[in-house]
Amino acid sequence: MDQRFGMFIHWGPVTLRGTEIGWSRGHEVPVEDYDNLYKEFNPVLFDADAWVKTAKDAGMKYLTIISKHHDGFCLWPTKFSDYNIMNSPYKKDIVGELASSCKKYDIKFCVYFTVLDWHDPNYPIHSSSYPPSNDLDPKANMNKFVRTMENELQEIVTRYHPYMLWFDGNWESPWKNEYAVDIYKFLKRLDPNVIINNRLGASTEHSKLTSKTVGDFVTPEQKIGELDMNTPWETCMTICNQWAWKPNDTMKTLKQCVQTLAKTAGGNGSLLFNVGPMSDGRMEVRQVKRLKEMGEWLKIYGESIYGTKGGPFKPNELFAATRKGDKLYIHVFEKKSGTLTLPAIACIKVKQAYLLKGDKINYTQDAGGAVTLQFPEQLPDSNDSVIVLELNANAETIPVAS
Ligand code: FHN
């Protein structure tokens, strides 16, 4: 959770069509076509170091690569399915190359792994639909399917030693929580330190803990999670709209990107920000540029994100707050007027206030503890200017303001 910001990468042969990974199978792309795209998949411009360097320059601390998505195609040389990268013209271990590059650039290497697999004959559902189809294939065999899953996960954990495993596709009826509990224990036996998200347990609820949750943190999707000081959470979100690459897809502005990160950290959560590389192996230049711009912001303001806690104030359109030790960081998104009055922080005194890496800020604090900040004529950053309040106590102990 202290890492706060990671790269998510959705990629595969589907990028040859620019449609959504998994879900376009049997819809925009007929199944027969989709399942044979790997025979044309040859991303000769793929450069693992370039992808990892893009993450590093963005200020990201971890990277999560799709090893297998709902379409069943494996981006690593697995012994347990012929439907893998070594049977494509490309014939290189994408997952392995990214694992080595992450090590080289000190980026924590993480792996996405789908539970459901519409391509595997032993998984009873073979078509992408939501709500899921109830037409279960009687010839399928879930026990064999779960064993294949264990074998493939053993390959991934013992070969690439992922820091975190990001499961997904846990909402269809063939998947039972018993399988999830067994797999969770199996993985923690393989590597007690591996972190596992909450999409292993059989559930459609991703944003909060439930009695059936199997995993270590919750995963709101395409929205910023609620402020929560107890349950670890990580929002996953696309820098464009589609998870896999789509030509001319709408890309988020720098203000949207920076404020999404700050509001996520302000909610005490982390952001897993998704990029969909192209079929030739390159990430779009405009997306790399946008990520670099986020990195420029973090070079100045990173102290107010990495290793901080969220709160005590709820993030909103005007500001969010993060905290570490005796420092409270106010992320100012918009200057509606010349001042900003914060909810009262009882019995705690503000010793001084200043722009992070900048000038002093004038402020008053009333008897009830409410602080009013005097904004300078011009705020240094129109996307998010950070004001530091040094307190006479540990900011992390302040209860969340109701
Ligand atoms: O179906 C997937 C989708 O393709 C994508 O992988 C996202 C990423 O979190 N998860 C699922 C939708 O909830």
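Each ligand, and each atom within it, is numbered from 1 in the order the structure gives. Positions are given from 1, in the same order as the sequence printed here.
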Kindly write out the residues that satisfy salt bridge (Lys or Arg N to Asp or Glu O under 4.0 Å) with E40, not counting sequence neighbours, or none if the list is empty.
none
Describe, in one word, how the ring planes of Y83 and H119 are oriented to each other, choosing from parallel (under 30°), tilted (30 to 60°) and perpendicular (over 60°).
parallel
What are the distances between nitrogen or oxygen atoms of ligand 1 and protein nitrogen or oxygen atoms, counting only those under 3.5 Å?
residue, atom, partner, partner atom, Å
ligand 1, 1 (O), W23, NE1, 2.7
ligand 1, 1 (O), H70, NE2, 2.8
ligand 1, 4 (O), W23, NE1, 3.3
ligand 1, 4 (O), H69, NE2, 3.1
ligand 1, 6 (O), H10, NE2, 2.8
ligand 1, 6 (O), H69, NE2, 2.9
ligand 1, 6 (O), D168, OD2, 3.2
ligand 1, 9 (O), E221, OE1, 3.0
ligand 1, 10 (N), D168, OD2, 2.6
ligand 1, 10 (N), E221, OE1, 3.3
ligand 1, 13 (O), R199, NH1, 3.4
ligand 1, 13 (O), E221, OE1, 2.8
ligand 1, 13 (O), E221, OE2, 3.1

I'd like a table of donor-acceptor pairs (distance under 3.5 Å, sequence neighbours excluded) in which one partner is a side-chain atom from residues 144-153, with atom names and distances.
residue, atom, partner, partner atom, Å
T148, OG1, K144, O, 3.1
N151, ND2, R147, O, 3.2
E152, OE1, K68, NZ, 2.8

Pairs of donor and acceptor atoms involving the side chains of residues 371-383, under 3.5 Å and at least two apart or interchain, shall be tabulated with distances.
residue, atom, partner, partner atom, Å
T372, OG1, T341, OG1, 2.8
D381, OD1, N383, N, 2.7
D381, OD1, D384, N, 2.9

Are a donor atom and an acceptor atom from the side chains of H10 and N274 found within less than 3.5 Å of each other?
yes
Salt bridge (Lys or Arg N to Asp or Glu O under 4.0 Å) between E317 and K263, intermediate numbers included:
CA-CA 9 Å; E317 291 318 300; K263 289 174 183 172; 3.1 Å; yes
